[in-house]
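What follows is a single structure, written as structure tokens, with notes after it.
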Amino acid sequence: MKTLKTQVAIIGAGPSGLLLGQLLHNAGIDTLILERQPPDYVLGRIRAGVLEQGMVELLRQAGVGQRMDAEGLVHTGFELALDGRRVHIDLQALTGGKTVTIYGQTEVTRDLMAARRDAGAQTIYEAGNVIPHGMKTAEPFVTFDKDGETYRLDCDYIAGCDGFHGVARQSIPADCLKVFERVYPFGWLGILADTPPVHEELVYARHERGFALCSMRSPTRTRYYLQVPAQDKVEDWSDQRFWDELKSRLPTALAASLVTGPSIEKSIAPLRSFVVEPMQYGRMFLVGDAAHIVPPTGAKGLNLAASDVSTLFNILLKVYREGRMDLLEKYSEVCLRRVWKAERFSWWMTSMLHRFDEHDAFSQRISESELAYFLDSEAGRKTIAENYVGLPYEAIE
Ligand SMILES: Cc1cc2nc3c(=O)[nH]c(=O)nc-3n(C[C@H](O)[C@H](O)[C@H](O)COP(=O)(O)OP(=O)(O)OC[C@H]3O[C@@H](n4cnc5c(N)ncnc54)[C@H](O)[C@@H]3O)c2cc1C
């Protein structure tokens, strides 16, 4: 077995692993990233696109903000459409100047990959059978296979940035973790198309036929979503059926101005709320989707990954520079305070905007009335806005 050594072994080269790797590398802390897939596969995944201000600032801090600043679309608000009624949420006015930036996760990943390559920091792609060991000891290590050889990577700490289906969380004994989960009885069918956006801001539409979201990646590329039954297959949805259904769920004026075109990607994502506690086991830390999942309605998944990265980075910085070993045990509790608030907001947005077939007529009216109450009051709109732009990151002291 060949032996390698690094300070922080990172499992997974998604946005969490790459961003953590970049921040640590810039701070002079050695990292090695192990990724199961080839780079093209990682870049081919079409996922999130709304970046909170905290994440935008963190990307700038990591030195990868140039293209985002040049090409990202700064949005000062979004719209809610409720069975024909349109309500504008003025993020900037309601939050004292905060905004969100539309810049695809694929582009964030591409920028981070390029920065890592330029910095000469190592990522081993197509690493098989990655397994963390000795997490409860002062000498943890990770084993993996590459090109027919087995390697042992010795390290000080392991960051499990390997997503919901990764190995890090699954390597923690089940009786050391508490799982909180809710699976929703529907999914989101998403398509990507090279068409101009139907509206300059995102539109979240609640309709008796189900939820719809009009989103975008650039002035010429759109991302639209429809709530569909959990058991639906992509093959059930021709482009034409998708566009017809989307039009039926949008206010008339918007539907009339919708430009349609061939889809360049089409997929169905299940909706799930999931949190595991604690987010650490000895010297291994769970980051991003490895520890929690939110339904995408609040645009929080990628942004939560970024706030976990910020917390772990700031703790490790103080550990290496100031010997603050006491901070290590704080990682989970700091992250979870913010994670649960984002879980609540994502659950609330999902509950308010989707059609729940199992709801009786009374529950239906209560939910309509709750949403109307929030939208008709400035305090309610403020609450939505401050959650949407992202709650502040906790300082590590
Ligand atoms: C279909 C879909 C749509 C989404 N849409 C939105 C959205 O609109 N808005 C939003 O905010 N969020 C969205 N999300 C969530 C968002 O994309 C995630 O929160 C984000 O990708 C989390 O980043 P991560 O780095 O923690 O995990 P991931 O992006 O999952 O990265 C984990 C990485 O680890 C690698 N890996 C896994 N197992 C191993 C292993 N055993 N060994 C080595 N490497 C491994 C994986 O290949 C992957 O590259 C969506 C997610 C999905 C799946």
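Remember, it's 1-based here, ligands and their atoms both numbered in the order they're listed. Only heavy atoms go into these numbers, but all of them, side chains included; no hydrogens, no water, no symmetry mates.
- Ion pairing of Glu394 with Arg338 is absent here, as no side-chain N (NZ or NE/NH1/NH2) approaches a carboxylate O to less than 4.0 Å.
- Ion pair Arg223/Glu265 flagged as a salt bridge, since at least one NZ, NE, NH1 or NH2 atom sits closer than 4.0 Å to an Asp/Glu carboxylate oxygen.
- The proximity of Ala269 to ligand 1, defined as any non-hydrogen pair under 4.0 Å, is limited to the side chain.
- Applying the 4.0 Å criterion to heavy atoms of Gln37 picks out, from ligand 1, the atoms 47 (O).
- For Tyr225, every heavy-atom contact with ligand 1 shorter than 4.0 Å involves the side chain, none the backbone.
- Contacts classified as salt bridge (charged side-chain N to carboxylate O under 4.0 Å, His left out) and involving residues 161-185 (residues at least two apart or in different chains) are given here: Glu181-Arg272.
- Comparing Arg223, Arg47, Arg272, Glu35 against atom 4 (C) of ligand 1, the shortest heavy-atom distance belongs to Arg47.
- Scanning the protein for heavy atoms near atom 18 (C) of ligand 1, the closest one is Asp289 OD2, 3.2 Å.
- No side-chain heavy atom of Arg45 sits under 4.5 Å from any side-chain heavy atom of Thr106.
- Under 4.0 angstrom from ligand 1, the non-hydrogen atoms of Lys300 all belong to its backbone.
- Between atom 37 (C) of ligand 1 and the options Leu18, Asp162, Val167, the minimum heavy-atom separation is to Asp162.
- The protein atom (non-hydrogen) at minimum distance from atom 48 (C) of ligand 1 is Arg45 NH2, 3.2 Å.
- Atom 13 (C) of ligand 1 has as its closest protein heavy atom Ala48 CB, 3.6 Å.
- Aromatic ring orientation, Trp188 versus Phe211: parallel (interplanar angle below 30°, classes split at 30° and 60°).
- Counting atoms of ligand 1 from 1 in the listed order, those under 4.0 Å from a heavy atom of Leu34 are 43 (C), 44 (N).
- Of the candidates Gly163, Pro39, Gly288, the one placing a heavy atom closest to atom 27 (O) of ligand 1 is Gly163.
- Residue-to-ligand polar distances place Gly301 within reach of ligand 1: an N/O pair is separated by less than 3.5 Å.
- Only side-chain heavy atoms of Ile11 come within less than 4.0 Å of ligand 1; its backbone N, CA, C and O stay farther off.
- The proximity of Val130 to ligand 1, defined as any non-hydrogen pair under 4.0 Å, is limited to the side chain.
- At under 3.5 Å, a nitrogen or oxygen of Gln105, whether backbone or side chain, sits near a nitrogen or oxygen of ligand 1.
- Ionic pairing of Glu52 and Lys98 is not present here: no N-O contact between side-chain nitrogen and carboxylate oxygen is shorter than 4.0 angstrom.
- When each atom of ligand 1 is checked for a heavy atom of Cys161 under 4.0 Å away, the hits are 32 (C), 33 (C), 34 (O).
- Counting side-chain heavy-atom gaps under 4.5 Å among Ile, Leu, Val, Met, Phe, Trp and Tyr, the cluster of Leu254 also holds Leu189, Ile191, Val198, Val203, Tyr224, Leu226, Val228, Val234, Trp237, Phe242, Trp243, Leu246, Leu250, Leu258, Ile268.
- Among protein heavy atoms, the minimum distance from atom 31 (O) of ligand 1 is reached at Gly14 CA, 3.5 Å.
- Side chain of Arg67 to backbone of Arg110: no donor-acceptor contact under 3.5 angstrom is found.
- When each atom of ligand 1 is checked for a heavy atom of Gly166 under 4.0 Å away, the hits are 38 (N).
- Closest heavy-atom approach to atom 25 (O) of ligand 1 within the set Gly12, Ala13, Ser16: this belongs to Ser16.
- Between His354 and Phe186, the distance separating the two ring centers is shorter than 6.0 angstrom.
- Among Ile124, Val8, Leu18, the one residue that satisfies the side-chain contact (heavy atoms from CB on, under 4.5 Å) test with Ile33 is Leu18.
- The shortest N or O to N or O distance between Arg36 and ligand 1 is under 3.5 Å.
- With a 4.0 Å cut-off on non-hydrogen atoms, Ala127 does not touch ligand 1 at all.
- A salt bridge links Arg365 with Glu368: the closest approach of a Lys/Arg side-chain nitrogen to an acidic carboxylate oxygen falls below 4.0 angstrom.
- Ion pairing between Lys266 and Asp232 fails under the 4.0 Å rule for side-chain N and carboxylate O.
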